[in-house]
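Both ligands and their constituent atoms are indexed starting at 1 by order of listing. We use all heavy atoms of the structure for the numbers below, so side chains are in, but hydrogens, waters and symmetry mates are not.
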Amino acid sequence: MRRVRLKGSGMTSDRTRERMVEGLKNNGIRDRRVLAALKKIPRHIFVDEAMASRAYENTALPIGLGQTLSQPYIVARMTEEVLNGKRLKKVLEVGTGSGYQAAILSELVVQVYSVERIEKLMKLARSRFMALGIRNIRLKHSDGHWGWPDYGQYDGIVVTAAPEEIPQELLGQLAIGGRLIIPVGGSRNQQLQVVTRTVQEYELEIKENVSFVPLVEGHQ
Ligand code: SAH
């Protein structure tokens, strides 16, 4: 098993994390539960050790295999959007990556499901959850275009890689009242979109411009 350092010091301390959360508040993150989760989960555990000292800056960081962990602001925004002030039971994430977004969600919902197309990243994320004692995240190695039908429908779906168009399967796995938070577009022109399923239809809201790695077909 891979060893992960749990007790940070200096640049990875609680105070550094508190400063990060102050910055998020100044940038308009309001949901107290979300802010508390970002304060609690040690982000430096989810990045390469060489990057640990930068873990609490508001920047995206490399997590290996050409993938990136989004900046804390985007993680907070997407979490706030999916919760929408409610208490949710089941949330699906597409694109586990480092596992950080899933760990934040695990603080706020009953059960998190997350799919990742790169097996190595999925296994690393799993070892981090074990080291942190997080038990309510279930992981699967697969292409997230198909969602994870076995456990649907979900109260929320968070996609952390960008497709050109919203995959139909994900819409079908959304419960009534549920929200899908997804970056949509090509590498230079992506927008965060929020789809809410109502009894009759799906409502689409277009939010801010964002920059995510592409949602890639197939798994490896
Ligand atoms: N939520 C992650 C962000 C990781 S970056 C975190 O908190 O660290 C996006 C991730 O999506 C990458 O790990 C990438 O491998 C994964 N990904 C890309 N296309 C995918 C697909 N079709 N299915 C599942 N995961 C995918």
Legend entry - Arg19/Glu22 salt bridge by N-O under 4.0 Å criterion: no
Inset, instruction - Would you mind checking if Arg77 and Glu208 are paired as a salt bridge, meaning a charged N to carboxylate O distance below 4.0 Å? - result: yes
Inset, instruction - Look at atom CD of Gln200 and say whether more than 12 heavy atoms of other residues, nucleotides or ligands are closer to it than 6.0 Å. - result: no
Legend entry - Neighbouring residues of ligand 1, heavy-atom cut-off under 4.0 Å: Gln67, Thr68, Leu69, Glu93, Gly95, Thr96, Gly97, Ser98, Gly99, Tyr100, Gln101, Val115, Glu116, Arg117, Ile118, Leu121, Ser142, Asp143, Gly144, His145, Thr160, Ala161, Val213, Pro214, Leu215, Val216
Inset, instruction - Decide if atom NZ of Lys89 counts as having more than 12 heavy atoms of other residues, nucleotides or ligands within a radius under 6.0 Å. - result: no
Legend entry - Where at least one partner belongs to residues 80-117, residue pairs that pass ring-ring contact (aromatic ring centres under 6.0 Å, His included), sequence neighbours excluded: Phe46-Tyr100, Tyr113-Trp148, Tyr113-Tyr151, Tyr113-Tyr154
Inset, instruction - Apply the test side chain to side chain donor-acceptor pair (under 3.5 Å) to residues Thr79 and Gln101: give CA-CA distance (whole Å), side-chain angles for both, the deciding distance (0.1 Å), then the verdict. - result: CA-CA 8 Å; Thr79 310; Gln101 170 80 72; 2.9 Å; yes
